[in-house]
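Some notes on the structure that comes next.
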Amino acid sequence: MYILKIAYDGRYSFQTQPHGKTVCDIILNTLEEINLLKRKKIIYCGGRTDKGVSALGNFVVVELKKEPSPSYINAKLKNEGIWVLGYREIEKIPEVRYRHYRYVLPNMGYDVEAIKEGASILIGTHSFHNLSKRDRTKDRSPIRTIFKIDVSENEFYITLDIFGKSFLWNMVRKIVGALDLVGRGERPVNWIEKLLREDHKEGVPTFPPDGLILVDAKVDVDYIYEPYSMKKFKEYWTDLFKLKVMKMGIAKTMMNFEQ
């Protein structure tokens, strides 16, 4: 078995679907095309993300015929917004020690101290039934543990770094929705405590997937990174960053127009 550390830009959902156009489908089809797959199946993964959610530190475990070449795989994945960053041959499925999600909010006049105070209430083990998509089968417990939440800001955006062992569907995006209401003063900070009460039910906005990235699904694996692949990966994101900064400047010019 091999573990492949993967990154992607959010244009596809993660799990295999009948339409065949997901992160898993594209990776499996590419590995099959280059005659590298022993069995066409994702054995295990670091996290299942929705369309719109990006990843830097997700992973898949697959059975390969031989040691992979990330640069060759990435050449085949070109223009798909998916990259194999690293790999390692493994004998057993590694345990995920924690998952690190980051949400990036535009800095539009929030009370950041209120967001930090609200975030601190979420740390620990709680029922996140109000802060996740309802599980109609009731097979999954809403009890989850948040290890820590770091809140930072600059002139342009507020970053929420959320660390936990596992997450429910839409849990991070609903946490952001709740903290958004607190940060804009539409709810008091102690409202967060109410949301965590098992006898209380209340809808909370689900923030868009576009601001969310799975930064890491942390496992005790010493990945092998290929310098050329990492160089090309960083070049791609550097060019995109420069373009988006220019677009941001144009947007601010438009926003500041006065009649």
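- Between the side chain of R88 and the main chain of D222, a donor-acceptor pair closer than 3.5 Å is present.
- Apart from F163 itself, the hydrophobic cluster it occupies contains Y98, F147, where clustering links Ile, Leu, Val, Met, Phe, Trp and Tyr at side-chain heavy-atom distances under 4.5 Å.
- The distance from the CD1 atom of I34 to the CG atom of N29 is 11.5 Å, given to the nearest 0.5 Å.
- Using a cutoff of 4.0 Å between basic side-chain nitrogens and carboxylate oxygens, R184 and D111 are not scored as salt-bridged.
- The closest donor-acceptor contact from the side chain of R11 to the backbone of G52 lies at 3.5 Å or more, if one exists at all.
- Looking at R144 and T125, their side chains never bring a donor and an acceptor atom within 3.5 Å of each other.
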Kindly list each side-chain donor-acceptor pair under 3.5 angstrom involving residues 206-220, sequence neighbours excluded, with atom names and distances?
from, atom 1, to, atom 2, distance (Å)
T206, OG1, K174, NZ, 2.9
D220, OD1, R97, NH1, 3.0

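- Interatomic distance, CZ of R99 versus CG of N58, reported as 8.5 Å (0.5 Å rounding).
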Pair L179-Y110, side chain to side chain contact (heavy atoms under 4.5 Å, CB included): steps then yes or no: CA-CA 10 Å; L179 294 176; Y110 284 104; over 6 Å; no
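- No more than 12 heavy atoms of other residues, nucleotides or ligands sit less than 6.0 Å from atom CD of E117.
- Distance alone, capped at 3.5 Å, is enough to place a donor-acceptor pair between the T22 side chain and the Q15 backbone.
- The aromatic rings of W237 and W83 are tilted relative to each other, their planes meeting at an angle between 30° and 60°.
- Applying the 6.0 Å contact sphere to CH2 of W191 captures more than 12 heavy atoms from other residues, nucleotides or ligands.
- Contact check on E193 versus R197 returns no salt bridge, with no Lys/Arg side-chain nitrogen under 4.0 Å from an Asp/Glu carboxylate oxygen.
- Side-chain atoms of D180 do not come within 3.5 Å of backbone N or O of V176 as any donor-acceptor pair.
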Worked verdict on K38 versus E32 for salt bridge (Lys or Arg N to Asp or Glu O under 4.0 Å): CA-CA 8 Å; K38 185 179 292 185; E32 184 178 51; over 6 Å; no
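- In this structure, H129 NE2 and L168 CG are separated by 11.5 Å, a value rounded to the nearest 0.5 Å.
- Placement of I158 and I192 within a single hydrophobic cluster is found when ILVMFWY residues are connected by side-chain heavy-atom separations under 4.5 Å, directly or transitively.
- Not one N or O on the side chain of N74 forms a donor-acceptor pair closer than 3.5 Å with the backbone of L77.
- E198 and H200 are not linked by any side-chain donor-acceptor pair at a separation below 3.5 angstrom, with hydrogens and angles left out of the test.
- Judged by distance alone, the side chains of Y103 and D161 never bring a donor and an acceptor atom under 3.5 Å apart.
- Atoms CD1 and CG, from I26 and L31 in turn, are 12.0 Å apart once rounded to the nearest 0.5 Å.
- Remark: D25 does not engage K21 in a salt bridge, criterion side-chain N to carboxylate O under 4.0 Å.
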Begin with the C-alpha distance, continue with both residues' side-chain angles, and end with the deciding distance and a verdict on side chain to side chain contact (heavy atoms under 4.5 Å, CB included) for N170 and D50. CA-CA 9 Å; N170 287 352; D50 293 331; 3.3 Å; yes
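- Between E67 and Y87, the side chains place a donor N or O and an acceptor N or O closer than 3.5 Å (distance only, hydrogens not considered).
- Here the OG1-CG distance, from T145 to L122, works out to 12.5 Å after rounding to the nearest 0.5 Å.
- No continuous path of ILVMFWY side-chain contacts below 4.5 Å connects M230 to Y228, so the two sit in separate hydrophobic clusters.
- With 3.5 Å as the limit, one finds no donor-acceptor pair spanning the side chains of N130 and K201.
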Decide yes or no on side chain to side chain contact (heavy atoms under 4.5 Å, CB included) for L85 and I6, but give the supporting numbers first. CA-CA 6 Å; L85 300 182; I6 58 172; over 6 Å; no
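- Counting heavy-atom neighbours within 6.0 Å of K78 NZ, excluding the residue itself, gives a total of 12 or less.
- Here the side chain of S229 pairs no donor or acceptor atom with the backbone of Y225 at under 3.5 angstrom.
- Hydrophobic clustering (ILVMFWY, side-chain heavy atoms < 4.5 Å, transitive): Y223 and F233 are in one cluster.
- Once rounded to the nearest 0.5 Å, the distance linking NE2 of H100 with CG of L56 reads 9.5 Å.
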Decide yes or no on side chain to side chain contact (heavy atoms under 4.5 Å, CB included) for L36 and I73, but give the supporting numbers first. CA-CA 10 Å; L36 198 56; I73 298 170; 4.1 Å; yes
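- There is a side-chain donor-acceptor pair under 3.5 Å between E226 and S71.
- A donor and an acceptor atom, one from each side chain of Y8 and T49, are located under 3.5 Å apart.
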